[in-house]
Asker: 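Questions regarding the structure given below will be posed in turn.
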Amino acid sequence: MPKIPKERLSIYRDLKRDFKEEKFINLHPIQRGGVLTPEARKAIVEFADGYSTCDWCPPKTARLDMIERPPIAQFMQDLAEFLGMDVARVVTRCREAQFIAFTMLGDPGDYVVLDSLAHYSTYTAVELARLRVKEVPHSGYPEFRVNLEAYADKIEEVKRETGKLPAAVLLTHVDYLYGNLNDAAVVGKICKEYGVPFILNAAYTGGIMDIDGKKVGADVITSSGHKSWAASAPTGILATTSEIGEKIFARSKIVGDWSKRKFGIKEYALLGCTVMGAPLMTLIASFPHVVERVERWPQEIENVRYLVEQLERIEGTRQIGVRPKNHTLTHIESDGFFKVSEAHKRKGYFLYEELRRRGIVGVQPGLTKHFKLNTYGLSREKVEKVAQAFLEIAREHGLAVS
């Protein structure tokens with residue numbers, strides 16, 4: 001049996017994170033909405049053991065979503081209600097939720113109409129489901145605004161080419177590149193007119209801002225617990241209307257030839273139970289906080305607009321994407337910082353290092369001309385500190401500040 005040296009094993013014994021919330025202001029674009037609550041941190045320890053949620057698994061159903069102690073069954077109901085939907089399940093990731101929806105709604109070769117700023121994982125989920133993509137265009141630089149009315153054109157295009165409607169339509173509620181918030185109701189209305197299932201990818205919106213799925217006409221909502229619900233990874237959310245839920249959460253009809261066993265209680269697209277233990281319990285433990293925090297969304301928008309206003313005082317710096325900002329994920333273009341990086345001995349790393357020296361992290365190391373940040377959940381005091389840090393760095397490196 002191969003032996004791993006003891007000195008190498010020692011690196012696994014005392015794992016610590018560099019950028020703790022209490023030590024740094026973290027602007028990382030995908031981390032802000034996933035910062036755990038104190039209740040969630042407590043739940044991690046309580047339910048850290050692998051199958052610790054299954055102490056009271058009901059023997060007749062043996063289904064995760066039917067466990068009452070801890071209150072998983074009740075949470076699934078409340079989660080659906082919170083999103084304005086009828087049925088909800090927790091899966092491993094938002095991309096898995098999309099894959100499940102695509103697989104259950106389409107047949108190989110069918111089309112999915114989606115926005116051209118969709119995350120790469122949406123494309124791979126379509127591909128794995130053996131479906132094809134038809135893209136709705138965006139306006140390009142500098143707004144990158146998706147033409148929502150063009151969803152109807154693309155549905156018609158699929159109909160002309162294949163003789164049938166797309167298997168589904170997907171809209172990325174807020175894209176990961178520019179943080180543009182799309183009006184889901186526009187696409188929901190188009191989908192209702194054509195009778196095509198509408199999937200709303202709320203990876204960056206569910207759990208941080210108010211969403212009413214039925215109000216916007218969504219048949220399916222997918223979201224990311226570790227991006228936007230103050231939960232530990234991996235957690236994803238799949239919520240549906242009752243009608244679409246009958247297709248997506250269909251139960252197994254297979255019978256074992258030898259054993260004659262039946263598995264009719266199992267929702268086969270979920271492969272039985274999904275997320276067990278700590279990730280699920282952090283999602284549940286943070287839920288009361290999440291329900292309350294979505295009411296503070298207007299303050300979050302005030303904060304990010306303030307930061308953009310301050311950053312644009314710096315020579316050659318501007319926000320890319322739709323203006324004014326309606327989401328906290330922000331794409332910054334800075335010809336000024338890029339100009340500094342060309343002459344600096346640390347090149348593009350100078351900005352990251354200057355920020356870190358001031359207790360600010362999350363901007364990707366090496367980037368100056370284009371970088372993303374996210375202010376979600378930061379106090380106004382911390383946002384002001386971030387603004388002052390950028391202004392100070394600009395002045396110290398000879399950039400004009402208005």
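As a basis for the values below, the full set of heavy atoms in this structure was taken, side chains included, without hydrogen atoms, waters or symmetry mates.
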Asker: Is there a donor-acceptor pair under 3.5 Å between the side chain of Arg32 and the backbone N or O of Tyr376?
Answerer: yes
Asker: Let me see the working for His289 and Trp229 under ring pair (Phe, Tyr, Trp, His ring centres under 6.0 Å), right down to the final yes or no.
Answerer: CA-CA 9 Å; His289 171 73; Trp229 294 76; over 10 Å; no
Asker: If every non-hydrogen atom of Leu238 is compared with every non-hydrogen atom of Ile248, which pair is closest and at what distance?
Answerer: CD2-CG2, 4.0 Å
Asker: Ile360 and Val386: which non-hydrogen atoms are nearest, and at how many Å?
Answerer: CD1-CA, 3.8 Å
Asker: So how far is it from Leu270 CG to Leu64 CG, rounded to the nearest 0.5 Å?
Answerer: 10.0 Å
Asker: If I compare all heavy atoms of Glu342 with all of Lys347, which pair ends up nearest, and what's the gap?
Answerer: O-NZ, 3.0 Å
Asker: Any side-chain heavy atom of Arg318 within less than 4.5 Å of one from Pro142?
Answerer: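 Yes - at least one pair of side-chain heavy atoms lies under 4.5 Å apart.
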Asker: Any pair with a residue in residues 392-402 that passes side-chain hydrogen bond (donor to acceptor under 3.5 Å, both in side chains), sequence neighbours left out, goes on the list, sorted by first then second residue, please.
Answerer: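 Found Glu354-His397, Arg358-Glu392, Arg358-Glu396.
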Asker: Rounded at 0.5 Å granularity, tell me how far CE in Met104 sits from OH in Tyr268.
Answerer: 3.5 Å
Asker: Identify the residue among Lys382, Gln31, Lys20 that makes a side-chain hydrogen bond (donor to acceptor under 3.5 Å, both in side chains) with Asn26.
Answerer: Gln31
Asker: If I take atom OH from residue Tyr204 and atom NE2 from residue His119, how far apart are they, to the nearest 0.5 angstrom?
Answerer: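 Tyr204 atom OH to His119 atom NE2 measures 5.5 Å (nearest 0.5 Å).
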Asker: So how far is it from Arg346 CZ to Ser341 OG, rounded to the nearest 0.5 Å?
Answerer: 12.0 Å
Asker: What residues, two or more places apart in sequence or in another chain, satisfy ring-ring contact (aromatic ring centres under 6.0 Å, His included) together with Phe24?
Answerer: Phe19
Asker: Quick check: do Ile211 and Phe82 have side-chain heavy atoms less than 4.5 Å from each other?
Answerer: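 Not touching, per the 4.5 Å side-chain cut-off.
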Asker: State which residues pass side-chain hydrogen bond (donor to acceptor under 3.5 Å, both in side chains) with Thr205; sequence neighbours excluded, sorted by chain then number.
Answerer: His173
Asker: Does some side-chain heavy atom of His138 sit less than 4.5 Å from a side-chain heavy atom of Asp115?
Answerer: no
Asker: Check whether any side-chain heavy atom of Ile155 sits under 4.5 Å from a side-chain heavy atom of Pro166, and report yes or no.
Answerer: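 The answer is yes; the side chains approach within 4.5 Å.
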Asker: Considering residues, nucleotides and ligands other than Gln299, do more than 12 of their heavy atoms fall under 6.0 Å from its CD?
Answerer: yes
Asker: Inspect the surroundings of NZ in Lys266 and state if more than 12 heavy atoms from other residues, nucleotides or ligands are less than 6.0 Å away.
Answerer: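 Enclosed.
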Asker: Test side-chain hydrogen bond (donor to acceptor under 3.5 Å, both in side chains) on Arg95 and Asn201; report intermediate values, then the result.
Answerer: CA-CA 9 Å; Arg95 63 193 68 184; Asn201 177 8; over 6 Å; no
Asker: So for atom OH, which belongs to Tyr51, do other residues, nucleotides or ligands contribute more than 12 heavy atoms lying within a distance under 6.0 Å?
Answerer: no
Asker: Tell me, yes or no, whether the heavy-atom count around Glu243 atom CD, taken from other residues, nucleotides or ligands under 6.0 Å, exceeds 12.
Answerer: no
Asker: Taking all heavy atoms of Ile199 and all of Ala101, pick out the closest pair and write down the distance.
Answerer: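 So the two residues come closest at CD1-CB, 4.0 Å.
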Asker: Just by distance, do the side chain of Asn180 and the backbone of Glu143 share a donor-acceptor pair under 3.5 Å?
Answerer: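 Yes: the side chain of Asn180 pairs with the backbone of Glu143.
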Asker: Side chains of Tyr194 and Glu156: is there a donor and an acceptor less than 3.5 Å apart?
Answerer: yes
Asker: To the nearest 0.5 Å, how far apart are NE2 in His327 and CG in Asp175?
Answerer: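 Interatomic distance, His327 NE2 to Asp175 CG, rounded to 0.5 Å: 9.5 Å.
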Asker: Does a side-chain N-to-carboxylate-O contact under 4.0 Å join Glu353 and Arg357?
Answerer: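 No, no charged N to carboxylate O under 4.0 Å.
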Asker: Nearest heavy-atom pair of Phe371 and Ser334: which atoms, and what distance?
Answerer: CE2-CB, 4.4 Å
Asker: Given 3.5 Å as the limit, does a donor-acceptor pair link the side chain of Lys192 with the main chain of Gly217, or not?
Answerer: yes
Asker: Picking from Ile72, Thr53, Ile67, what satisfies side chain to side chain contact (heavy atoms under 4.5 Å, CB included) with Met276?
Answerer: Thr53
Asker: I want to check something: taking the side chain as every heavy atom from C-beta on, are Glu135 and Tyr123 in contact at a cut-off of under 4.5 Å?
Answerer: yes
Asker: Assess whether a salt bridge exists between Glu300 and Arg293, defined as any Lys/Arg side-chain N lying under 4.0 Å from an Asp/Glu carboxylate O.
Answerer: no
Asker: Below 4.0 angstrom, N of the basic side chain to O of the carboxylate: do Arg380 and Glu384 qualify?
Answerer: yes
Asker: Take atom CD1 of Ile254 as the centre, draw a 6.0 Å sphere, and report whether it contains more than 12 heavy atoms from other residues, nucleotides or ligands.
Answerer: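 Not buried by this count: 12 neighbours or fewer within 6.0 Å.
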Asker: Answer yes or no: is there a donor N or O on one side and an acceptor on the other, between the side chain of Ser139 and the main chain of Arg145, under 3.5 Å?
Answerer: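 Yes, because the side chain of Ser139 sits within donor-acceptor range (under 3.5 Å) of the backbone of Arg145.
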Asker: So which heavy atom on Val220 is nearest to which on Ile244, and how close?
Answerer: CG2-CG2, 3.7 Å
Asker: Any side-chain heavy atom of Thr328 within less than 4.5 Å of one from Trp297?
Answerer: yes
Asker: Could you tell me whether Lys134 atom NZ has more than 12 heavy atoms of other residues or ligands within 6.0 Å of it?
Answerer: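 Atom NZ in Lys134 is packed in, count exceeds 12.
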Asker: More than 12 foreign heavy atoms under 6.0 Å from CD of Glu46: is that the case here?
Answerer: no
Asker: Got Met76 and Met66 here, is their nearest side-chain heavy-atom distance under 4.5 Å?
Answerer: no
Asker: Hey, what do you get for CG (Leu83) to CG (Asp210), rounding to the nearest 0.5 Å?
Answerer: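 Output value for this atom pair is 9.5 Å.
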Asker: Is any side-chain heavy atom of Arg132 closer than 4.5 Å to one of Thr162?
Answerer: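 A side-chain contact exists here, since the closest heavy-atom pair is under 4.5 Å.
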